[in-house]
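Structure, as structure tokens:
Keep in mind that what you see is a predicted model, and the values were worked out from it rather than measured.
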Amino acid sequence: MGRGKLRIHLGAAPGVGKTYAMLSEAHRRVERGTDCVVAFVEHHGRPRTEALLHGLERIPPRELEHRGRVLPEMDLDAVLARRPQVALVDELAHTNVPGSRNAKRWQDVEELLAAGIDVLSTVNIQHFESLGDVVESITGVRERETVPDEVVRRADQIELVDMAPEALRRRMAHGNVYQPDKVDAALSNYFRLGNLTALRELALLWVADRVDAHLQRYRSEHEVSAIWGSRERIVVGLTGGPEGRTLIRRAARLAEKGAGGEVLAVYIARGDGLTAASPKELVEQRALVEDLGGTFHHVVGDDVPAALLAFARGVNATQIVLGSSRRKTWQYVFGPGVGATVARDSGPDLDVHIVTHEAIAKGRGLPVARGARLGRSRTVAGWAVGVAGPVLLAVLISAVNPGFANDMLLFLALTVAAALLGGLWPALGSAVVGSLLLNYFYTPPLHTWTVSDPKNLVAIVVFVAVGVAVASVVDLAARRTHQAARLRAESEILSYLAGNVLRGETGLEDLLERVRETFGMESAALLERAADVAPWTCAGRAGRGRPVERPEDADVDVPAGDHMALALTGRVLPAEDRRVLAAFAAQAAVVLDHRRLREEADRARALAEGNRIRTALLAAVSHDLRTPLAGIKAAVSSLRSEDVDWSPEDTAELLASIEEGADRLDHLVGNLLDMSRLHTGTVTPLIREIDVDEVVPMALGGVPEDSVALDVPETLPMVAADAGLLERAMANVVENAVKYSPPGVPVLVAASAHADRVEVRVVDRGPGVPDEAKGRIFEPFQRHGDAPRGAGVGLGLAVARGFAEAMGGTLDAEDTPGGGLTMTLTLRAAAAECPEPVPAAEPERQPS
């Protein structure tokens, strides 16, 4: 029995039609004879969605009791017993009712897939675990119901159900998504046009990245080297010359003309010593390409055209941008140059743009690629001159002037020429052939291979020795040139790498990708272990090659420090490359240490912030503590004075003053302690079911009786909250509203239920708060406007919001229609299936 297949309908927000699309797909499969059942689908009262459920077999849900309510949940055992071909399971990120077999619905789906059942499901982009911070920055609400990205990535099919934000808002306004009484709140909160647009972009980009990854994997598995122009990828070949900036800008303009265009700038570090790249230019060009949204790549390759084409085909590029050659006209005798070679070998699927610039013909550009040391062409020329040259010279001398006296000097000149062109072996060949010809044609006895005169024998030996000596010098010079060029290329790479690390611009995965790319490997991984006998673990990995669990399993492994190794797969590297690889390994270990040090620094920073806030608390309250203490002391001193006979009225007034000062001190010290607890993360709320209509009246004890109008219905659902924290939060919010409300105008405290939330709104008719200051009023030590020093230290609203968030709720400020400020405290209804917050006006089980 094989594993089932998972198909996910992905949407940007509730209401785009995910469930509708899933049910439509189920009807299509039923018409083809597929056994489909509805394991769990909620239509949320939408007529069109509910109509699609007709005609489909439905597995009755399992009913579970939770907090006094009976809630439906998918009956996993019944679905497994029924064993359909396809099961429909809505809302993949849903949190199951406590008491279920699994905590999350995606875990139920995993069991169905393991049993060989295909599953159709739905999910919204805001439920992806990796996008939690991004979604929170967009909507202002942290999504608690999440699904691991890997679960979605493993899906066999992902269908994007898309809808324009304007169209979705029209659906909302027409009542096709939520009930009419919830539409206004939804449109003004979660379903704002900006929120929907940003979430839609997230969904589109996520799907596009997944499609691109699938395409790259398919090309790798099927060894496809041809260019598939699914999207414009433009490779810019840089030489380190001044024309690079022009090429990058031209490539960026080309990329803008196509949807999803991407620019990749690449510099090929050559090993033949003929490249004169300016490190300063490369740094500036790298910064420019990154500012324009592209990426910079540094690759080693002796054959520049071949390396450039291999890189372009490896990234599935569609275009290459090169600059016109900077070589002088006479330099073209060495070959057509990189641009012409790339254009010739690019093939029909890769366009090559040769861009003109101001540096044309003003300096040597990239010459034709050569082999190691002297190159193939010089070696062939050396053998031709060294072997064929003596034969032709002998024929020429015999035909023109058989008695020519300087024949040995001519043969020696050919041997020297062969040495200069081809090095040692062509020179040796030339010396052997020339000496034989000299012996046969010009050394008595003629036309024999014997030598009768010892002087002639010495001359032949000297002849061979001179050829070998000249060839050795040429070969040594070529070897030194090659070594110097390689060292220069290595130093350029290391300089570039060290600069990135020192600037903190390279993460571990980016560095490993750079290693893999530089050496042309399939994968690169940094492995570490706690001790010599401990198992290896992977600290970071890049590439798509086979996973490596031990350094011994890799094609190349280099120690990177104590109990740490850099492992690469793809091919065996020569020994001369391991020196640079060892430097990369050391840098990788440094980057990993830096990352862990940053994490420790973040933890230390949090502790320091706690200390700072406590210091600031003590510094800020000096006056506010002294004022009530001075009042209490003055009143007590007056009562204890024996010189004055206080009347009962005066005594009562002094006692009231003492009580008022003590209350102020109690309130101030309470806020100080609460703020300290919030900043040190020691607030641990005791969440339980409570009635709002019981807690809110208790929070009004610190304000005059006629200053607040209460409208809290007894029919409100119970909320999941901490009674003490809720009372403190409400007390601070109400006291703040009363403080700024005009005399004689009571503050309205009203509560209402919306979907699975309960909102408590504190409405005042005071001066209000400008939009730019609404966020600052919740920060510690902030008093809006010209509030006097004795009005408090500005902690009330900060503490209130901290308590609200600790209970899984929110506290937001908005304008009161007609003037004033409205504070909205939103709490999760206890009847909801998960006591965690979700976006405002969005139901827990987000429908399609």
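- Going from atom CH2 of Trp106 over to atom OG1 of Thr146 covers 9.5 Å, rounded to the nearest 0.5 Å.
- Atom-to-atom distance recorded for Ile248:CD1 and Asp291:CG is 10.0 Å, nearest 0.5 angstrom.
- Here the shortest heavy-atom pairing between Ala585 and Val558 reads CB-CG1, 4.1 Å.
- With sequence neighbours left out, the side chain to side chain donor-acceptor pair (under 3.5 Å) criterion links Glu25 to Arg7, Arg28, Arg29.
- Side-chain contact check for Ile138 versus Leu202: some heavy-atom pair is nearer than 4.5 Å.
- Annotation: the span from Arg233 atom CZ to Thr318 atom OG1 amounts to 8.5 Å, rounded to 0.5 Å.
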Query raised in the report: Between Glu509 and Arg541, does a salt bridge (charged side-chain N to carboxylate O under 4.0 Å, His left out) hold up when you go through it step by step?
Result: CA-CA 6 Å; Glu509 287 71 23; Arg541 186 174 184 273; over 6 Å; no
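- Remark: Trp206 engages Phe128 in a ring-ring contact (aromatic ring centres under 6.0 Å, His included) (not counting sequence neighbours).
- Taking the side chain as every heavy atom from C-beta outward, Leu526 and Leu508 approach each other to under 4.5 Å.
- The side-chain heavy atoms of Leu10 and Thr122, taken from C-beta on, include no pair separated by under 4.5 Å.
- The shortest heavy-atom contact between Ala251 and Val236 is CB-CG2, 3.3 Å.
- Proximity of a side-chain donor or acceptor of Arg571 to a complementary backbone N or O of Phe519 within less than 3.5 Å is detected.
- Contacts of Arg344 classified as salt bridge (charged side-chain N to carboxylate O under 4.0 Å, His left out), with partners at least two apart in sequence or in another chain: none.
- Residues Gly543 and Glu513 share a closest heavy-atom pair of N-OE1, 3.9 Å.
- A donor atom on one side chain and an acceptor atom on the other are found under 3.5 Å apart for Thr569 and Ser523.
- Partners of Asp553 by side chain to side chain donor-acceptor pair (under 3.5 Å), not counting sequence neighbours, listed by chain and number: Arg550.
- Here the side chains of Val342 and Ile320 are in contact, with some heavy-atom distance below 4.5 Å.
- Here the side chains of Arg169 and Leu196 are in contact, with some heavy-atom distance below 4.5 Å.
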Practice prompt. List the steps and the verdict of salt bridge (charged side-chain N to carboxylate O under 4.0 Å, His left out) for Arg153 and Glu150.
Written response: CA-CA 5 Å; Arg153 292 185 186 278; Glu150 186 59 29; 5.1 Å; no
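- A donor-acceptor pair under 3.5 Å links the side-chain atoms of Thr537 to the main chain of Glu528, judged by distance alone.
- Under the 3.5 Å distance criterion, with hydrogens and angles disregarded, a donor-acceptor pair is assigned to the side chains of Glu243 and Thr239.
- Taking the side chain as every heavy atom from C-beta outward, Val556 and Met521 approach each other to under 4.5 Å.
- Between Leu512 and Leu566 there is a side-chain heavy-atom pair separated by less than 4.5 Å.
- Checked against side chain to side chain donor-acceptor pair (under 3.5 Å), Arg154 has the following partners two or more places apart in sequence or in another chain: Glu110.
- Residues Asp118 and Leu6 are not in side-chain contact: their nearest non-hydrogen atoms beyond the backbone lie 4.5 Å or more apart.
- Residues satisfying the side chain to side chain donor-acceptor pair (under 3.5 Å) criterion with Ser346, sequence neighbours excluded, are absent altogether.
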Stepwise salt bridge (charged side-chain N to carboxylate O under 4.0 Å, His left out) test for Arg170 and Glu166 | CA-CA 6 Å; Arg170 284 197 298 271; Glu166 296 82 2; over 6 Å; no
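- Nearest heavy atom pair, residue Gly237 against residue Leu308, reads CA-CD1, 4.3 Å.
- Summarising the geometry, atom CD1 belonging to Ile354 is positioned 6.5 Å from atom OG belonging to Ser324; distances are rounded to the nearest 0.5 Å.
- Summarising the geometry, atom NZ belonging to Lys18 is positioned 11.5 Å from atom CG belonging to Asp162; distances are rounded to the nearest 0.5 Å.
- Of the inter-residue distances, the one linking Asp303 atom CG with Thr341 atom OG1 reads 8.5 Å to the nearest 0.5 angstrom.
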